[in-house]
Amino acid sequence: MLNYIIKRLLWMIPVILGVLLIVFVLSVITPGDPVDNVVGPDATVEAREAAREEMGLNDPVYVRFGKYVWGVVTRGDLGKSYTNHQPVVKEIMHRFPVTLKLTLASVTVALLIALPLGVLSAVYQYSWVDNVTMASALFFVSIPQFWFALMLLLIFSVKLQLLPASGINGIASWILPVAMIGVGNVGNLARVTRSSMLEVIRQDYIRTARAKGQKKSVVIFKHGLRNALMPVIANVGNTIGVSLGGAVVAESIFSIPGVGQFMLNAINSRDWPSVQGGIVILAITFSVVMLLVDIVYTIVDPRLKTEFQSRNKIRRHKKEGAAV
Amino acid sequence: MKKCMAILLAAAMTAGMLLGTASVSAAEYTPSDETLVVAHKGNPTSLFHPTVSAVSVNTPVSETLYDRLVSYDAESDTVGPMLATEWEYIDDTHVRFTLRDDVTSHAGDPFTASDVLYTIKLAIDSGALSNYYGMFNYDECKAEDDHTVILATNTADPYFLYTLSNVPLGMVVEASVEAGGGPEAQALNPTAGTGPYKFVEWSDGSYIKLERNEDYWGETPYYKEVEIRIIGDAAARIMNLESHDVNIALDPDNVQVAELEGNPDVSIINYPTSNSTNMQLNCSKEPFNDEHARKAVALALNYEANLAIAASGYGVLSDSFLPPASSRYISAEDGGYTSYYHNDLEAAKEELAQSAYPDGFSFELLYAEAPTFNSYSEMIQNQLSQIGITVTPVPVASSEFYDIISAGNFDAHIVNCANPDPAIIFRYFDSRIDFQTMRGGCGWVDAPQELLDLMDQAKVELDPDKSMELYKQIQTIVNGGVPTIPLYSPNKVCAADSNIQGITLTEFCDIDFSKAYKAE
C-alpha cells in the first residue's frame with residue numbers, strides 16, 4: 001500500500017508539470033498585455049518597456065517557462081504577483097484554508113442529503129418519493145450555479161432577510177455559499193447513489209438476507225449501502241474537484257476571500273504568476289483528493305487491499321524466479 | 001497680461017470652490033460611532049497609490065486615505081483648496097502653492113513642502129502614472145519653505161490644477177513612508193496619507209477596513225469606520241444593499257438601478273459627469289476614410305432613443321464632443337455637434353449616396369464588454385441597417401480591447417473618455433499621434449492643418465475666454481469631418497440607503513463617500 005501511495009505521489013509530478021505547461025502556454029497566447037495593469041493604460045511607451053523588462057516579459061517564452069519551473073521545483077517559488085508584488089505562495093496559502101473549508105463543507109452537506117435521498121429513491125423505485133427526488137436532482141444539477149446563487153441571495157437575504165448576503169462572519173454567513181455549491185452536488189450524488197443501490201439491492205445476497213428475515217434497515221444500510229458506496233466514493237472525488245471550481249463563483253458573489261476570487265482577480269488583471277500559482281495549488285489539491293479517495297476505497301472494500309498485496313506478492317515471486 | 005489672467009483664473013477658481021465647499025462643509029451632523037459598509041466591484045491592486053496605475057478598483061480606497069493639493073467640484077466644475085490653501089501663477093509654467101500647516105500623516109508625521117516634491121518624484125520614478133506626472137518639470141519644482149512649494153510644468157497647462165486634484169496625485173509624507181517600510185510595505189499597510197480615514201485591515205479579496213482619522217485637518221467624518229466590501233458581481237452588490245448588508249453599492253448596472261426607482265429604502269445617486277462615450281471611427285482605412293460614409297452613420301443614429309434604452313436614461317445627450325459638464329462645452333445653439341447631426345434617415349441616405357458606398361457597407365463595431373455597450377451596439381446595428389449599413393458588434397475583454405485599438409485593428413469602437421481637460425479629449429483627433437501612443441484614437445490622417453494648429457494653441461492657452469474661442473473653432477472643424485461620433489455623456493450612478501447624504505464625485509467622476517453622513 002505504501003509503495004502504491006509513493007508511486008501515486010510521484011505520478012503527480014508529471015501531472016503538475018503538464019498543468020504548468022498548459023497554463024503557461026495559455027497565458028502566452030491569451031490576448032491582453034499584463035503591463036497595462038502594472039503601469040496603467042496611458043503610460044508612455046518608455047514606462048511600459050521598462051515595466052516589461054522588469055517583469056521579464058522580454059525573455060523568450062521557453063526561458064520564462066524554464067525559470068518558472070526551476071523556481072517551483074527548487075524553491076517552491078510560484079513567483080511574485082504582477083499587481084501587488086507579493087509572493088504568490090504566501091498570497092494563496094492564506095486564502096487556501098477558506099476555499100478548502102467551503103469546498104469540504106459543501107461536499108459534506110451534499111453527501112448528508114444525497115445518500116439518504118438516493119437510498120430512498122432506490123428502495124421506493126418509481127414511487128412519488130423516487131419521482132420527486134430524481135426530478136429535483138435533475139433540476140438542481142441543471143441550473144447554472146451563478147443564477148442559483150443570485151436566487152438564494154434574493155430569497156434568503158433580500159426578501160426574507162434571514163441570512164447575510166456577503167462576508168464570512170459567523171456560521172450563518174457560510175450557509176448560502178455552502179448551499180449554492182452543495183445543492184448541485186446533492187443532485188449528482190443522489191442520482192449516483194440511487195443507480196448504484198438499484199444494482200446492489202437486486203443482488204442474490206440481498207435477497208438471501210431478506211429471506212433469512214433480516215430487518216429491512218439492516219439489509220439496506222449494512223448490506224446494501226456499504227456495497228453501493230464504491231461508485232459514490234469515486235464520484236465524491238470528482239465532486240470535490242467540481243466544488244473547487246464552484247468556489248470561484250461562490251467567492252465572487254458572496255465576497256469570500258478564497259483562492260477562487262484571488263484567481264478571478266488575477267485573470268482580470270492578467271496577473272499570470274497568480275493565475276498559474278492558483279491553478280497549480282488546485283491541481284495538487286485535486287490529485288491529493290483523488291489519492292485519498294483511492295485509499296478510502298481500500299477501507300470500504302477490503303478486497304482491494306488484498307488485491308494490492310497479492311499484486312506485490314506476484315511481482316516479488318517473479319523477481320525471485322528471475323533471479324534463480 | 002497672461003500672468004494677470006492666470007492669477008484671476010486661480011482666484012476665481014478659489015472663490016468658486018470656497019462657495020462650493022461652503023454648502024458641503026456645513027454638514028448637519030455630529031460624528032457617530034457607526035460603520036459605513038460600501039460594496040465595491042474589485043480588489044485594489046495596491047493601497048499605495050503613487051506607484052500603481054489609476055485603475056477604478058483603487059480609487060474608492062485611495063480617495064479616503066490620501067488628500068490632494070487641491071480639490072475639484074464636478075458639479076460646479078471648479079478647483080478649490082485642499083492641502084494647499086492658496087496658489088498663484090508666477091509665470092505660465094510655475095505655480096506657487098501655500099500649504100496648510102496643521103496636517104499630519106496617519107502615522108503622525110507633519111506634512112510639509114518637501115513631501116509634495118517627494119510624492120511627485122516617487123511617482124515619476126515609478127513610471128506607473130506617466131500620463132499624470134509627465135507634465136512636471138521636476139528640476140524646477142522646489143520647496144521655498146516648509147509650507148510653500150513651487151511646482152513647474154514643461155509647458156503652460158490650463159488644466160494643471162485639475163490634474164493636481166486627481167486621486168493619483170494624492171500626497172504622501174516621506175517620513176511615514178520610510179518608517180512604514182517603504183513603498184512596497186505601504187502597498188499593504190498604508191500609513192503615509194493624510195486623508196479623512198486611516199487604514200485598519202485588508203482581507204485581500206474580501207474587505208478593507210478603515211477608521212476615522214480623529215486628527216484630520218478638515219471636517220471630522222461622520223462614520224467612525226468604513227468597511228469596503230469586495231463584491232465582484234453587480235447584481236449581488238445591489239442585493240446586498242437591498243438586504244441592508246451594505247449601505248452603498250458602487251458601480252451598479254443601470255438596468256438594475258432603474259428597477260430600484262421608487263424603492264423608499266434606497267436613494268439613487270445620479271450625477272452628471274465630465275465623461276463622454278464616443279464611437280471612434282477609424283479614418284485611416286475603408287470605409288471610414290470616406291467623410292460621407294462617416295456623416296451617413298452620424299445622421300442615421302437616434303441618440304435620444306439609444307440613451308434612454310441602452311443607458312436606461314442615466315446620462316445626458318452631448319451637443320458637443322465634450323460632455324455638458326466640461327467648461328469648454330458648446331451647445332447646439334452655438335454650433336455644437338447636434339446642430340450638424342441628428343436622427344435624419346433621408347439626410348443619411350443622401351450622404352451615403354455621395355459616398356464610395358452608395359449601396360451601403362459593412363463594418364465591425366468593437367467595444368469592451370459591458371451591459372450598456374452591448375445594448376448600445378445592438379441599437380446602432382438596427383438603426384444603421386435602415387440605410388443599408390451592416391454592423392457586426394464585437395465585444396471583447398477590456399484588456400484585449402486596448403491591445404486591438406492600440407494596433408489600429410478596428411473599423412469603429414465605442415469608448416468612454418474620462419477627463420475634464422478638453423486637450424486630452426481632442427488628442428483623439430490629432431493625426432500626429434499614432435494609435436500606439438494614443439492607445440486608440442480615430443486615425444484622422446486627413447485632419448486639416450488648421451485643426452492641429454488650433455489644438456496646439458488651445459493646449460497652452462490659460463485665458464478662459466480665448467481658450468473657449470479656440471475650442472469653438474476646433475469643434476466646428478471636427479463637426480465638419482466627424483471622425484468620431486459623440487454618443488452621450490454617462491452619469492455616475494450608485495445606490496445607497498435612502499438616509500445617507502453627502503455622497504459626492506471625485507475629479508474623475510468616481511463616487512466619493514468620505515463626506516457621507518446619515519441624515520436624521
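Chain A is the first sequence line, chain B the second, and so forth, proteins listed ahead of strands; every chain is numbered from 1.
- Panel note: side chain A/Ser255, backbone B/Ile230; a donor-acceptor pair is recorded below 3.5 Å.
- Rounding to the nearest 0.5 Å places CD1 of B/Ile231 at 9.5 Å from CD of A/Gln261.
- To the nearest 0.5 Å, the span separating OG on B/Ser203 from NE2 on A/His94 amounts to 6.5 Å.
- Of all heavy-atom pairs between A/Asn265 and B/Gly205, the closest is ND2-CA, 4.4 Å.
- For B/Ala397, the part lying near chain A is the side chain, with the backbone staying farther off; criterion is any non-hydrogen pair under 4.5 Å.
- Of the N and O atoms on the side chains of B/Asn240 and A/Ser166, at least one donor lies less than 3.5 Å from an acceptor on the other residue.
- Using a 4.5 Å cut-off between heavy atoms, A/Glu251 makes no contact with chain B at all.
- For A/Leu160, the CG atom counts as densely surrounded, since its 6.0 Å shell holds more than 12 non-hydrogen atoms of other residues, nucleotides or ligands.
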Only distances under 3.5 Å count here; give the side-chain donor-acceptor pairs of residues 136-150 of chain A to other protein atoms, sequence neighbours excluded, each with its distance to 0.1 Å.
residue  : atom : partner  : partner atom : Å
A/Ser136 : OG   : A/Val132 : O            : 2.6
A/Ser142 : OG   : A/Leu138 : O            : 2.5

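- Sorted by first then second residue, the salt bridge (Lys or Arg N to Asp or Glu O under 4.0 Å) pairs that include residues 233-242 of chain B, not counting sequence neighbours, number zero.
- For the set B/Gln436, B/Glu400, B/Glu184, the entry with the most heavy-atom pairs within less than 4.5 Å of chain A is B/Glu400.
- Between chain B and the options A/Ala165, A/Ser81, A/Ser252, heavy-atom pairs under 4.5 Å are most frequent for A/Ala165.
- Remark: B/Ser206 OG to A/Asn169 CG distance equals 8.0 Å, nearest 0.5 Å.
- Residue B/Leu188 touches chain A through its side chain alone, counting heavy-atom pairs closer than 4.5 Å.
- Atom CD1 of A/Ile168 is separated from atom OH of B/Tyr207 by 8.0 Å, given to the nearest 0.5 angstrom.
- Expressed to the nearest 0.5 Å, how far CE of B/Met239 lies from CE of A/Met151 amounts to 5.5 Å.
- Rounded to the nearest 0.5 Å, atoms CG (B/Asp204) and CD (A/Glu91) are 5.5 Å apart.
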